[in-house]
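Working notes, structure below.
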Amino acid sequence: MMPRLLESPACGTFRARVLALVRRIPSGFVATYGDIAALAGRPRACRAVGAIMSTCRLPTLPCHRVVGAGGQLGGYSDPSRKRRLLQEEGILIRCHRIIHFSEVRWTAQALD
DNA sequence: ATTTTGACCGTGC
DNA sequence: CGCACGGCCAAAA
């Protein structure tokens, strides 16, 4: 079978595509809920992405790298933990906001 | 099947 | 800057 883009809108459910995308965010980078939604083929489904993040408890999913628009921290089951995890990856945060957001914002370039 | 609920986002004040 | 409001869409109830 020919290979497919996991993030292609035609491949799997929205949920599956979202999870696949979030797993691709490299350490030291972040993506917004809206970014993930758009890459998953639903530019306006940012809120749905948040809903998915809130329910899935997969340990292999670096959901702390999904942040709010403009570099806001966004939600998390344990906000202080989210901040710490990001800082441990070299991301600077001040007052619930990522510094140099544009430089650490992940763009899914080089799709297979 | 229908309603409610969010780890959201832009706008407007 | 902060806050309220409406739109949005998948998941859960």
Side-chain angles (χ1 to χ4, degrees):
Chain A
M1 59 179 272
M2 67 181 287
R4 279 166 200 267
L5 304 180
L6 286 179
E7 56 283 344
S8 163
C11 181
T13 63
F14 177 70
R15 180 189 181 83
R17 299 197 301 275
V18 165
L19 298 182
L21 281 162
V22 172
R23 271 190 279 263
R24 292 182 48 187
I25 306 174
S27 174
F29 290 84
V30 299
T32 70
Y33 295 91
D35 288 342
I36 298 300
L39 290 169
R42 301 244 188 329
R44 293 175 248 179
C46 54
R47 197 166 186 176
V49 170
I52 291 170
M53 294 296 101
S54 69
T55 56
C56 80
R57 289 144 186 141
L58 304 171
T60 63
L61 193 76
C63 55
H64 61 281
R65 297 182 188 140
V66 183
V67 302
Q72 293 287 326
L73 271 201
Y76 203 77
S77 57
D78 180 352
S80 61
R81 174 179 157 82
K82 183 172 189 175
R83 191 171 65 242
R84 180 173 57 75
L85 288 172
L86 289 172
Q87 289 176 330
E88 285 175 356
E89 296 183 357
I91 292 175
L92 306 176
I93 298 169
R94 193 203 329 169
C95 294
H96 289 217
R97 182 163 216 151
I98 295 175
I99 313 289
H100 305 275
F101 169 57
S102 59
E103 296 168 33
V104 297
R105 185 179 191 175
W106 177 62
T107 45
Q109 48 212 336
L111 307 181
D112 318 38

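Numbered from 1 within each chain, the chains take letters A, B, ... in sequence-line order. These values consider heavy atoms only, across backbone and side chains, with no hydrogens, waters or symmetry-generated copies.
Sorted by residue number, the list of members of residues 78-100 of chain A with any non-hydrogen atom under 4.0 Å from DNA chain B is empty.
Transitive grouping of hydrophobic side chains (ILVMFWY, heavy atoms separated by less than 4.5 Å) brings Val49(A) and Leu39(A) into a common cluster.
From Ile91(A), atom CD1 reaches atom CZ of Phe101(A) across 10.0 Å, with rounding to the nearest 0.5 Å. Rounding to the nearest 0.5 Å gives a distance of 4.0 Å between CD1 of Ile36(A) and CD1 of Ile25(A).
The residue from Glu89(A), Arg23(A), Arg24(A) that alone fulfils the side chain to side chain contact (heavy atoms under 4.5 Å, CB included) condition with Pro62(A) is Arg23(A).
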Report each atom pair, protein N/O against N/O of nucleotides 9-13 of chain C, whose distance is under 3.5 angstrom.
residue : atom : partner  : partner atom : Å
dA10(C) : OP1  : Arg42(A) : NE           : 2.8

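Taking both residues in full, the closest heavy atoms of Ala37(A) and Ala45(A) are given as CB-C, 3.6 Å, listed atom of the first, atom of the second, then distance. The two residues Pro26(A) and Trp106(A) make their nearest non-hydrogen contact at CD-CD1, 3.4 Å.
Ranked by how close their nearest DNA chain B nucleotide is to the 5' end, Gly75(A) and Gly70(A) are led by Gly75(A).
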**Step-by-step side-chain contact (heavy atoms from CB on, under 4.5 Å) determination, Met53(A) to Leu19(A)** = CA-CA 9 Å; Met53(A) 294 296 101; Leu19(A) 298 182; 4.3 Å; yes
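A straight line from CD of Gln72(A) to P of dC9(B) spans 9 Å, rounded to a whole angstrom.
For the pair Leu86(A) and His64(A), the minimum side-chain heavy-atom distance is below 4.5 Å.
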